2 protein chains.
Amino acid sequence: MTKADIHDVAKAAGVSISTVSRAFTRPDLVSDKTRRRVLDIADRLDFNISRSATALKSGRTNRVALLMNEEITSWFNTEVFAGLESVMHPAGYDISLFQHIDTAENRREFFTDLPIRRNVDAVFVASFAIDPPEVEQLKRIHVPIIGINIPSTTGFDASISIDDEEGMYRATQHLIGLGHRHIVYPCSEATDMDASIDARGRGFIRACEGASARRGDLDWRVLSVPRGPEFVDSALSALLALDEFPDAICCQMDMMAIPMIIKLERYGRRTPRDYSIIGFDDSIYAREMGLTTMRQDPRAMGRSAARKALRLINGEELDAGKAHETVEAQLVLRDTDAPYTAS
Amino acid sequence: MTKADIHDVAKAAGVSISTVSRAFTRPDLVSDKTRRRVLDIADRLDFNISRSATALKSGRTNRVALLMNEEITSWFNTEVFAGLESVMHPAGYDISLFQHIDTAENRREFFTDLPIRRNVDAVFVASFAIDPPEVEQLKRIHVPIIGINIPSTTGFDASISIDDEEGMYRATQHLIGLGHRHIVYPCSEATDMDASIDARGRGFIRACEGASARRGDLDWRVLSVPRGPEFVDSALSALLALDEFPDAICCQMDMMAIPMIIKLERYGRRTPRDYSIIGFDDSIYAREMGLTTMRQDPRAMGRSAARKALRLINGEELDAGKAHETVEAQLVLRDTDAPYTAS
DNA sequence: TTGAAAGCGGTACCAT
DNA sequence: ATGGTACCGCTTTCAA
């Protein structure tokens with residue numbers, strides 16, 4: 001017995017295939033009795049509407065693309081994915097994931113082949129910059145393009161981004177406000193890919209330059225180390241190589257701050273007794289560590305982006321001025337910051 | 001100008017739609033010259049083969065389902081997903097994710113509605129137990145069912161699982177071998193869902209009972225605390241409430257071990273000076289923490305499961321005895337274990 | 001090597 | 001409320 005199709009169900013139920021179809025997709029157009037019988041028989045026959053057929057007929061694909069810079073396994077990317085999924089899945093969409101749109105080669109391959117062309121109903125771009133020619137190529141697929149944490153909204157139909165620059169500015173201001181005068185910003189080197197990270201560095205610098213101009217006694221510096229699995233150790237050794245250990249450390253992200261706290265403890269440096277440290281993200285273990293940090297909520301961003309996408313797919317207008325959204329990071333005060341005390 | 005379809009391309013290239021189709025899917029059947037021209041024009045017209053149409057015609061869906069107990073955001077689930085994705089995506093498959101198949105209600109809903117019926121080419125079940133009636137329902141969709149970390153292979157066409165019981169047995173043996181005689185196993189309460197977790201507890205108990213029988217001087221206990229975001233704090237307070245602080249702590253997972261180390265440090269308990277501790281998973285920050293742990297590689301399991309699925313989808317047989325695989329966890333020695341010394 | 005045409009499994013318009 | 005039917009966009013014989 002091969003799989004039953006719509007005709008088998010129609011026959012078994014003594015109705016036409018139109019009625020079977022309607023019983024599934026427009027139940028209100030079918031009499032109660034008929035609908036119940038049809039659905040019952042369909043269930044018995046293991047029948048279900050084919051998404052491929054529906055997609056073909058409707059001209060939609062019921063699929064969206066998600067472009068990511070690196071891997072989905074990073075905290076940020078996973079959360080974004082979970083947020084998108086929580087809205088798109090119930091709406092009947094699959095998410096087709098394209099990771100590692102990061103190296104020049106991968107990018108070129110993706111943007112010239114454009115494998116998603118005519119095969120997705122929307123495209124999400126998560127946390128990387130695409131340059132103008134790439135935007136142009138993307139637009140050729142003629143579907144909404146929604147950005148998540150993107151540096152420029154040019155070419156995007158909608159977006160939601162965190163204000164990294166302002167967030168890190170406020171984090172730095174917080175440390176300065178506590179009286180710290182020797183502040184270090186350990187970070188992995190800027191890439192032209194990860195705009196979020198770069199913006200954070202600018203926020204740190206702006207806060208420090210402002211404070212310096214106002215008071216003049218601020219000793220601050222950026223400790224830039226190569227990217228890679230060893231970046232924390234690199235930052236750590238750079239930190240320990242300084243003439244004087246800083247009062248305060250402003251971290252590019254929690255993933256820098258958390259191991260750093262653990263390792264500094266092994267060198268006898270304890271927070272907040274010996275130094276204040278602040279993270280960025282409020283990601284895994286931040287709460288357990290008691291890490292003071294700037295919280296962002298990538299899952300909520302994913303949800304918001306998904307809702308915008310659904311509206312655009314359905315041809316609805318986004319409320320004026322609501323297409324592009326910026327959200328602020330929130331300072332979460334915990335146990336790794338304290339007022340400066342001469343030691 | 002509306003989107004070009006296969007006819008537009010055919011016309012522009014002066015060939016039939018058959019030739020356009022073949023130029024994409026069976027390039028070898030089309031003359032070089034023709035193929036080049038067709039593909040060129042297709043590109044110019046932003047044309048691409050429709051996956052929906054291909055799927056419909058071929059009877060395949062180019063989609064697989066992934067069933068998860070909780071959320072994709074857990075370390076294990078993310079890694080499994082990444083592993084599956086790395087194989088399935090290049091093979092042309094989307095992964096349709098079904099999270100939270102955990103509560104009785106969600107399960108019932110999923111298994112009776114069976115929304116994936118006739119709409120996926122394979123089903124992956126990640127780290128939860130499905131009971132016999134549920135297996136029966138799943139089988140009604142008549143596609144391969146592949147398990148990842150499942151307690152029983154009954155009803156599955158293929159599977160790959162880690163041997164949690166043996167892994168935790170060896171972890172415990174390691175601590176006993178170091179001379180520790182007072183060992184505690186903090187864990188969150190067993191559920192009938194998460195079989196991995198339960199098996200680990202059994203491994204701990206088996207090791208302890210064995211050692212007790214052999215030598216008799218072992219003081220061991222399981223510290224079971226309610227699940228939830230506070231489970232580490234619950235375990236910690238239970239631990240500190242013991243009459244005597246243990247020599248060694250055997251953790252159900254790294255997510256228990258890592259915060260515990262950090263928090264114990266604040267109570268003056270340092271590892272490995274005051275106690276040994278071992279984790280399970282080798283997940284995030286384990287390396288940076290220097291945590292001695294049992295490593296598992298869920299990403300590799302995802303890849304393996306995906307490869308099995310592709311073979312089954314293509315009607316190939318799996319090598320005899322290779323359908324169901326069990327892998328061992330690996331002991332990773334780092335800095336949180338040391339021989340027992342009277343203190 | 002290429003073209004014509006019959007479906008794949010539905011949807012939705014038009015009748016009744 | 002229900003049925004008949006053209007068609008969605010491609011794949012694949014079968015012929016030429």
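Each chain gets a letter, A, B and so on, in the order the sequences are listed, and its residues count up from 1. Since the model is a prediction, treat every value here as computed from it, not as a measurement.
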Asker: Using five pairs at each end of the helix from C:dT1-D:dA16 to C:dT16-D:dA1 to define an axis, what is the angle between those two axes, to 10°?
Answerer: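 The helix from C:dT1-D:dA16 to C:dT16-D:dA1 shows an end-to-end axis angle of 30°.
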Asker: Could you tell me whether a side-chain N or O of A:D319 sits under 3.5 Å from a main-chain N or O of A:K322, the two making a donor and an acceptor?
Answerer: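 No; zero donor-acceptor contacts below 3.5 Å.
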Asker: So does A:E316 have more than 12 non-hydrogen atoms from other groups sitting under 6.0 Å from CD?
Answerer: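 Enclosed: over 12 neighbouring heavy atoms sit under 6.0 Å from CD of A:E316.
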Asker: Output yes when at least one side-chain N/O atom of A:T34 is less than 4.0 Å from OP1 or OP2 of D:dA1, else no.
Answerer: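 For A:T34, the contact criterion (side-chain N or O under 4.0 Å from OP1 or OP2 of D:dA1) is not met.
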Asker: Report which part of the nucleic acid B:N48 touches: base, sugar-phosphate, or nothing (heavy-atom distance under 4.0 Å, all strands).
Answerer: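 Counting heavy atoms under 4.0 Å across all strands, the contact made by B:N48 is with sugar-phosphate only.
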Asker: Checking side-chain polar atoms at under 3.5 Å, does B:N119 have a donor or acceptor matched by the opposite partner on B:T61?
Answerer: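 No pair is found: no donor N or O on one side chain lies under 3.5 Å from an acceptor on the other.
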Asker: Do B:T153 side-chain atoms and B:F156 backbone N/O form a donor-acceptor pair below 3.5 Å?
Answerer: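 Between the backbone of B:F156 and the side chain of B:T153 there is no qualifying donor-acceptor contact (under 3.5 Å).
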Asker: Please report, rounded to the nearest Å, how far the C1' atom of D:dT11 is from the CG atom of B:L29.
Answerer: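 The distance from CG of B:L29 to C1' of D:dT11 comes to 12 Å, rounded to the nearest Å.
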Asker: Report yes if at least one side-chain N or O of B:S50 is closer than 4.0 Å to OP1 or OP2 of D:dG9; otherwise report no.
Answerer: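 Answer no for this pair, as no side-chain N or O of B:S50 is under 4.0 Å from OP1 or OP2.
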Asker: Rounded to the nearest Å, what distance is computed from the CG atom of residue B:D28 to the P atom of nucleotide C:dT1?
Answerer: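 Going from CG in B:D28 over to P in C:dT1 covers 9 Å.
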Asker: Expressed in angstrom and rounded to an integer, what is the separation of A:I6 atom CD1 from C:dG9 atom C1'?
Answerer: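 These atoms are roughly 7 Å apart.
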Asker: Output yes when at least one side-chain N/O atom of A:T54 is less than 4.0 Å from OP1 or OP2 of C:dG10, else no.
Answerer: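 For C:dG10, neither OP1 nor OP2 has a side-chain N or O of A:T54 closer than 4.0 Å.
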Asker: Parallel, tilted or perpendicular: which fits the ring planes of B:F24 and B:F47, with parallel below 30° and perpendicular above 60°?
Answerer: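 If you compare the ring of B:F24 with that of B:F47, the planes turn out perpendicular.
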Asker: In whole angstrom, give the distance that lies between atom CG of A:L56 and atom P of C:dG7.
Answerer: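 So the CG-P distance, A:L56 to C:dG7, works out to 17 Å.
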Asker: Rounded to whole angstrom units, what separation is found between the CZ atom of B:R37 and the C1' atom of C:dT1?
Answerer: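 After rounding, the gap between these two atoms is 13 Å.
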Asker: Quick one: does B:D102's side chain have a donor or acceptor within less than 3.5 Å of a partner on B:E70's backbone?
Answerer: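 Answer holds: no.
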Asker: When you measure from the side-chain N and O atoms of B:S31 to the phosphate of C:dT1, is any distance below 4.0 Å, counting only OP1 and OP2?
Answerer: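 Negative; the distance criterion is not met.
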Asker: Is the number of heavy atoms from other residues, nucleotides or ligands under 6.0 Å of A:R26 CZ greater than 12?
Answerer: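 No, the 6.0 Å shell around CZ holds no more than 12 heavy atoms from other groups.
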Asker: Search all heavy atoms of A:T73 against all heavy atoms of B:E79 and return the closest pair with its distance.
Answerer: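 The answer is CG2-OE2, 3.6 Å.
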Asker: Please classify the nucleic acid contact of B:F47 as base, sugar-phosphate, or nothing, using heavy-atom distances under 4.0 Å.
Answerer: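 Counting heavy atoms under 4.0 Å across all strands, the contact made by B:F47 is with sugar-phosphate only.
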Asker: For B:S16 and B:A53, take the nucleotide of DNA chain C holding the closest heavy atom to each; which residue's nucleotide lies nearer the 5' end?
Answerer: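 The answer here is B:S16.
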Asker: When we call it a touch if two heavy atoms are under 4.0 Å apart, what does B:V20 touch: a base, just sugar-phosphate, or nothing?
Answerer: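 B:V20: no heavy atom of the nucleic acid under 4.0 Å.
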Asker: If I take atom CG in residue B:D5 and atom C1' in nucleotide D:dC7, what distance separates them, rounded to the nearest angstrom?
Answerer: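 For the pair B:D5 CG and D:dC7 C1', the rounded distance is 12 Å.
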Asker: For A:H7 and D:dG3, give me the distance from atom NE2 to atom P, rounded to whole Å.
Answerer: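 Roughly 13 Å, once rounded to whole Å.
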Asker: Could you state the atom-to-atom distance from NZ of B:K11 to P of C:dG3 in whole Å?
Answerer: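 Atom NZ in B:K11 sits about 14 Å away from atom P in C:dG3.
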Asker: Check every atom of D:dG9, C:dG3, D:dT2 against the side chain of B:V15 and return the nucleotide holding the closest atom.
Answerer: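 The nucleotide sitting nearest to the side chain is C:dG3.
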Asker: Which part of the nucleic acid, if any, lies within contact of A:R118, taking any heavy atom under 4.0 Å across all strands shown: a base, the sugar-phosphate backbone alone, or nothing?
Answerer: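 Result for A:R118 = sugar-phosphate.
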Asker: Only one of B:I146, B:I148, B:V64 passes side chain to side chain contact (heavy atoms under 4.5 Å, CB included) with B:L84; say which it is.
Answerer: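 The option that passes is B:I148.
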Asker: Testing the 3.5 Å rule here: is there a donor-acceptor pair between the side chains of B:T154 and B:S152?
Answerer: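 Yes, B:S152 and B:T154 have a side-chain donor paired with an acceptor closer than 3.5 Å.
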Asker: Produce the list of close N/O pairs, under 3.5 Å, pairing protein atoms with atoms of nucleotides 12-16 of chain D; give distances to one decimal.
Answerer:
residue: D:dT12; atom: O4; partner: B:S18; partner atom: OG; Å: 3.4

